[in-house]
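Predicted, not measured: the structure shown is a model, and the values here were computed from it. We use all heavy atoms of the structure for the numbers below, so side chains are in, but hydrogens, waters and symmetry mates are not. Numbers restart at 1 for each chain; the letters A, B, ... are given by sequence-line order, proteins then strands.
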Amino acid sequence: MLDLIEIVRDNWVLLLIGQYPYGPLGGIAATLILSVVGILLAFPVSVALALARLSPWAWLRWPVTALVYIVRGVPLLLIILWTYFLLPLVLGQNVSGFATMICTLVLYEASYLSEVVRAGIQALPNGQTEAARSLGHGYVRAMRHIILPQALYNMLPSMLSQFISTIQDTTLGYVINVQELTFAANQINNQLLTKPFQVFFILAITYFVVCFTLTALAHQVERRIARRRLGGGVAPQIIDGVVMPAAQGPAPVGEVS
Amino acid sequence: MIQFSQVNKWYGNYHALNDITAEVKKGEVVVVCGPSGSGKSTLIRTVNRLENIKSGQLLFDGHDVQSRTNTSRELNRLRSRIGFVFQSFNLFPHLSVLENITLSPMRIHGMKRGLAREKAMQLLDRVGLANKAGAYPAQLSGGQQQRVAIARALAMEPPAMLFDEPTSALDPEMVGEVLAVMRGLADEGMTMMCVTHEMNFAREVADRVWFMDAGKILETAAPRDFFNAPQHPRAQRFLSDLRSH
Ligand SMILES: Nc1ncnc2c1ncn2[C@@H]1O[C@H](COP(=O)(O)OP(=O)(O)OP(=O)(O)O)[C@@H](O)[C@H]1O
Ligand SMILES: [Mg+2]
């Protein structure tokens, strides 16, 4: 126990921000930046992928579907390595590990998120599209103002959990020398040499605290969405982490027999 | 205003609309009735092309709705001029009542927010829901939701309104409030095509009744004639079944 406290006391700066400002930003800061930038860029890409997969044009649907299947069927580690070796060839210049990791995360998380977006869109009752179209909204307007706002709002909890997995996925950046939290922990371990168990215990605890906090937050968001959709005061209806859309039709919720 | 000529529609092998020829004139209220599965919804949904047809022609206000050469823009323009009210309301649950009504005039007609809101409030007042402008659909009863849906359709100032069983999903005590709004519209001269099982509404408000069975319009008549002396045996059976309930 004393060991743990000592290690943290001596190395908390490294764990927090890596060698910054003497070297690249690292530690938790880098991990969070990777995850946040990754998911923020992945989000619009995922919407685009989902819309492409739902589009009526086969020439658009097929390649995107193939891409999503491939990315989802290959371990992240391999995608990281592929990007690492391919990106410099494609761009004709060196790419930092950090940038490589961002690119990989965007591709990978966008593929997973796109399935969530697609499911969110398809879960909406068909009557929503019909009502939008019968008012005279075209496909794009109906998507933008009526379908997507509902689908994305319902998906917020799923997106938060995707963000949490992204944080865990960043650990793999270690293999291409991205200086994030795991990298920092390994540096410490290499210095101390004799305390791997303690060091990696601290590492695990740190990931756990960050992810647990976010999971708790996700649950809260979930409950809030459910409550708002049901018009207040009714038990939330959450199935597999997806907030079910407010009931449409026959009777208003709360009066359903 | 709405003219069907020799309209045919198939679902696979099923002949859902069989050689429909009929017309809803400007200012006329037509009630479409008939047994379940007779094709009433299919018929009314072809008017704004929620359903495509196989053959025939369908004119709305002189425009060929089902023409293969319609661009999506033309089709959207046409649809914006046809008010459609669904059995299941289909309000947008992420928008407040007021936003449900202002969305389309603002986005489609480019109406300014202030004006759109003002008009929406007038419409809400007219359907008796001015005090619900800020509420969300999930907070309203079925009858209230359907009245908002009517206001939403009216906000586009359509020359005709279509209703597909607007009261069938409602608890009995809420049917009257929705029918009252429809009655008001009819009194103001709105062209209306209503699929409904509310025979009293048909008797008192309709100018014509169309009786459908198995994809055909078997009888069109003034309501008095239809209810007192139905001509077609299927219509006679339909009415006597209704009365025995
Ligand atoms: N999408 C579809 N695919 C196949 N068959 C369909 C489809 N929609 C309707 N039908 C069939 O077409 C026929 C007419 O259906 P429609 O919904 O128009 O009847 P309806 O008169 O509105 O009945 P109800 O009073 O029950 O609403 C029915 O037999 C129905 O099963
Ligand atoms: Mg029907």
Counting only non-hydrogen atoms closer than 4.5 Å, does [X] touch chain A with its backbone (N, CA, C, O), its side chain (CB onward), both, or neither?
{"X": "B:R45", "value": "side chain"}
{"X": "B:R107", "value": "both"}
{"X": "B:S72", "value": "neither"}

Which one of B:N48, B:L103, B:I82 has the most heavy-atom pairs closer than 4.5 Å to chain A? B:L103

Nearest 0.5 Å please: distance from the CD atom of A:E130 over to the CZ atom of B:F84. 7.5 Å

Would you say the side chain of A:R133 lies within less than 4.5 Å of the side chain of B:L75, judging by non-hydrogen atoms? no

Taking atom [atom1] as the centre, does [X] end up with more than 12 heavy-atom neighbours from other residues, nucleotides or ligands that are less than 6.0 angstrom away?
{"X": "B:R77", "atom1": "CZ", "answer": "no"}
{"X": "B:Y14", "atom1": "OH", "answer": "yes"}
{"X": "A:Y69", "atom1": "OH", "answer": "no"}

Do A:Y153 and B:H94 pass the side chain to side chain contact (heavy atoms under 4.5 Å, CB included) test, and can you show the C-alpha distance, the side-chain angles, and the key distance before you say yes or no? CA-CA 9 Å; A:Y153 187 70; B:H94 62 303; over 6 Å; no

Between the side chain of A:Q128 and the main-chain N/O of B:L91, is any donor-acceptor distance below 3.5 Å? yes

Going by residue number, which parts of residues 134-147 of chain A are within reach of chain B, meaning a heavy-atom gap below 4.5 Å?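 So the qualifying residues are A:S134, A:L135, A:G136, A:H137, A:G138, A:R141, A:R144, A:H145, A:I146.
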
